[in-house]
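Below: one structure, written as structure tokens.
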There are 2 protein chains.
Amino acid sequence: MINKDSPIPIYYQLEEKIKGQIEQGELKTGDMLPSEREYADRFEISRMTVRQAISKLVNDGYVYRKKGTGTFVAEKKIEQPLQGLTSFTEDMKTRGMKPSNRLIHFRVVPATSYTASALNIDEGAPVYEIQRIRLADGVPMALETNYLSESLNPRLTEEVVQSSLYDFIENKLNKKIGEATQIIESSIVTEKEMELLEVKKGSPVLIIERKTYLDDGTPLEVVKSAYRADRYRFMINMKRN
Amino acid sequence: MINKDSPIPIYYQLEEKIKGQIEQGELKTGDMLPSEREYADRFEISRMTVRQAISKLVNDGYVYRKKGTGTFVAEKKIEQPLQGLTSFTEDMKTRGMKPSNRLIHFRVVPATSYTASALNIDEGAPVYEIQRIRLADGVPMALETNYLSESLNPRLTEEVVQSSLYDFIENKLNKKIGEATQIIESSIVTEKEMELLEVKKGSPVLIIERKTYLDDGTPLEVVKSAYRADRYRFMINMKRN
DNA sequence: GAGTGGTCTAGACCACCCC
DNA sequence: GGGTGGTCTAGACCACTCC
């Protein structure tokens with residue numbers, strides 16, 4: 001069950017094993033897990049290693065600990081929202097739809113004061129401005145405009161933005177995306193959005209403004225999107241501190 | 001600096017100490033932290049204890065690790081959004097506004113099929129239905145309707161809901177709130193919302209549907225809210241997995 | 001009192017990075 | 001080669017819960 005000679009860390013093997021038992025129904029909601037000491041004995045590993053595995057499961061909401069009592073399988077959440085930060089492309093794939101893009105423009109412009117302060121660069125410094133219609137199964141879902149520093153993201157081309165920007169950033173530029181802050185608000189379509197998104201005048205849209213950071217905290221991009229309210233709902237999961 | 005005889009765990013003392021140094025500017029963005037071994041030597045504690053402290057800081061985005069190189073202070077985020085799951089009351093206080101409520105109704109009704117499935121109770125079972133106008137500094141911000149199982153939340157009264165529901169749940173009923181999933185969408189006000197929120201016909205609203213769970217995964221409540229788009233923006237932070 | 005999770009120790013070997 | 005974080009061990013004592 002646990003291979004101590006494997007290059008895969010033991011805590012990770014155990015974590016996946018328990019997760020599997022929960023998903024397969026071998027461990028049901030409310031069941032008490034074997035104690036940490038029992039796992040340690042059974043697999044002849046240290047209790048600290050067991051704790052490392054279980055801690056991750058607690059963090060991900062699979063199980064919860066009760067001091068002096070034990071560790072238990074948490075109730076399954078019926079709807080599983082998007083976990084963590086995702087791109088439009090990843091988002092649509094998860095929802096079982098086929099993402100595509102229609103490029104409106106791809107150009108380099110001088111940073112406005114807002115963009116400059118968000119990206120932590122000088123005002124007027126060159127930034128890529130990428131505007132795209134994002135479609136799912138061929139239907140327009142959103143109008144999205146991205147701003148990225150030119151100097152920090154070389155080799156960005158029209159071809160790249162036809163597919164997935166995040167894929168390029170992570171796998172070609174080898175940068176690690178850390179987190180993002182998003183501001184979400186409700187609004188009514190502008191004239192331009194109305195045409196491009198193919199909706200009626202007065203239609204509601206979900207405006208999402210995202211700032212993405214690398215794992216060292218460097219700002220990566222600013223994105224402003226207008227999503228059709230009739231086609232898109234934003235789903236998130238939040239933890240109590 | 002570190003008190004080993006204190007009832008406060010050592011890892012927590014160290015975590016707070018480092019966090020303080022970052023916030024005070026003693027450790028600046030990009031600075032390398034002392035190595036784990038150095039912390040261990042300096043405070044005469046185990047390296048595993050140091051790792052426990054630093055792991056929390058990594059999780060909270062204060063620092064990041066680079067394998068084989070060191071641990072570094074991450075760039076400060078300029079805007080700090082709400083961290084984690086909060087109630088309207090807590091939310092408004094954080095934004096520096098004074099929250100208040102106007103109770104529309106407080107009653108017990110039989111669960112609809114939707115409410116029943118969300119709360120994991122039988123259809124027709126009694127649920128509290130609490131509808132309130134939520135105000136900030138006296139201005140209507142949102143119309144909110146909560147549904148909670150009556151049997152699982154005894155002693156809930158009109159008085160309680162005049163202040164903070166979460167405060168009551170956590171401190172009087174001693175239940176631990178775990179997490180929530182939220183669906184956010186954009187819409188146009190209904191007739192009823194229009195009157196109660198004091199906005200014009202055709203105004204956009206942010207619709208938030210929240211399901212809250214206790215830490216063992218038991219559903220606690222279902223909430224449907226309509227926020228005035230001109231007064232409220234939703235801000236969140238998401239991590240890349 | 002027995003069992004549980006929470007914290008902590010004093011080591012160890014590894015892969016990785018930089019010089 | 002020397003320093004770093006990543007993983008792991010085999011113990012220990014504590015507070016807490018349940019019987």
Side-chain angles (χ1 to χ4, degrees), chain A residues 1-18 27 30-74 174-176 178 215-216, chain B residues 1-18 27 30-74 174-176 178 215-216:
Chain A
M1 294 291 193
I2 297 286
N3 181 357
K4 298 176 79 165
D5 299 323
S6 162
I8 300 165
I10 296 175
Y11 77 89
Y12 185 74
Q13 292 182 48
L14 180 57
E15 180 194 331
E16 289 298 308
K17 182 184 159 65
I18 299 174
L27 283 169
D31 282 0
M32 190 174 120
L33 266 63
S35 76
E36 297 173 353
R37 286 168 181 81
E38 194 178 328
Y39 273 127
D41 282 354
R42 191 188 304 175
F43 300 117
E44 296 180 303
I45 57 179
S46 156
R47 190 180 149 217
M48 285 300 277
T49 305
V50 174
R51 278 186 69 76
Q52 201 176 347
I54 293 181
S55 293
K56 187 75 190 320
L57 294 171
V58 170
N59 229 297
D60 293 351
Y62 286 94
V63 304
Y64 60 101
R65 291 184 170 121
K66 282 188 86 153
K67 219 182 303 189
T69 311
T71 304
F72 302 84
V73 179
N174 283 316
K175 294 183 175 183
K176 221 164 148 188
D215 74 335
D216 63 1
Chain B
M1 293 289 192
I2 297 285
N3 181 356
K4 299 176 78 164
D5 298 323
S6 162
I8 300 166
I10 296 174
Y11 77 90
Y12 185 75
Q13 292 182 47
L14 180 57
E15 179 193 331
E16 289 298 309
K17 181 184 163 63
I18 299 175
L27 283 169
D31 282 1
M32 189 172 120
L33 266 65
S35 76
E36 297 172 352
R37 285 168 183 81
E38 193 178 328
Y39 274 126
D41 283 354
R42 190 189 303 175
F43 300 118
E44 297 181 304
I45 57 180
S46 156
R47 188 178 151 219
M48 284 300 278
T49 305
V50 175
R51 277 187 69 76
Q52 201 176 347
I54 294 182
S55 293
K56 186 77 190 316
L57 294 172
V58 170
N59 229 297
D60 293 350
Y62 286 94
V63 303
Y64 61 99
R65 292 184 169 123
K66 282 187 84 152
K67 218 183 302 189
T69 311
T71 305
F72 302 84
V73 179
N174 283 316
K175 294 183 177 183
K176 221 164 148 189
D215 75 335
D216 62 1

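The analysis underlying the following values was restricted to heavy atoms, covering all of them including side chains, and did not include hydrogens, waters or symmetry mates. To find a chain, count down the sequence lines: A is the first, B the second, and so on, and within it residues start at 1.
If you take CZ of R37(A) and P of dC14(D), they are 14 Å apart, rounded to a whole angstrom. The distance from atom OH of Y39(B) to atom P of dT4(D) is 12 Å, rounded to the nearest whole Å. Note: CD1 (I10(B)) to C1' (dC14(D)) measures 13 Å, nearest angstrom.
Annotation: side chain of V73(B) is not in contact with side chain of M32(B) (no heavy-atom distance under 4.5 Å). Side-chain contact between T71(B) and L57(B) is absent, with no heavy-atom pair separated by less than 4.5 Å. Looking only at side-chain heavy atoms (C-beta outward), R65(B) and S55(B) come within less than 4.5 Å of each other. Side-chain contact check for F43(A) versus V50(A): every heavy-atom pair is 4.5 Å or farther apart.
Projected onto DNA chain D by closest heavy-atom contact, K66(A) and T49(A) fall at different nucleotides, the more 5' of which corresponds to T49(A). The residue among T69(A) and R47(A) whose nearest nucleotide of DNA chain D is located toward the 5' end is R47(A). Residues R65(A) and G68(A) each lie close to DNA chain C; by heavy-atom proximity, the contact nearer the 5' end of the strand is made by G68(A).
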Side chain to side chain contact (heavy atoms under 4.5 Å, CB included) assessment of L27(A) paired with V63(A): CA-CA 11 Å; L27(A) 283 169; V63(A) 304; over 6 Å; no
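With hydrogens and angles disregarded, no donor-acceptor distance shorter than 3.5 Å links the side chain of D60(B) to the backbone of Y62(B). Side-chain N or O atoms of E15(B) include none that pairs as donor or acceptor with a backbone N or O of K56(B) at under 3.5 Å.
At its two ends the helix from dG1(C)-dC18(D) to dC18(C)-dG1(D) runs along axes set 0° apart, each axis drawn from five pairs and the angle rounded to 10°.
DNA chain D is contacted by Q52(A) of residues 51-59 of chain A, taking any non-hydrogen atom closer than 4.0 Å.
Among residues two or more places apart in sequence or in another chain, the side chain to side chain contact (heavy atoms under 4.5 Å, CB included) test is passed with S46(A) by M48(A), T49(A). The side chain to side chain contact (heavy atoms under 4.5 Å, CB included) search around Q52(A) returns Y11(A), not counting sequence neighbours. With sequence neighbours excluded, the residues forming a ring-ring contact (aromatic ring centres under 6.0 Å, His included) with Y64(A) are F72(A), listed by chain and number.
The shortest heavy-atom contact between K17(A) and I2(A) is CD-CD1, 4.4 Å.
From the 5' end on, the contacts that DNA chain C makes with chain A at under 4.0 Å to a non-hydrogen atom open and close at dG3(C) to dC8(C).
For T71(B), a side-chain nitrogen or oxygen approaches OP1 or OP2 of dG5(D) to under 4.0 Å.
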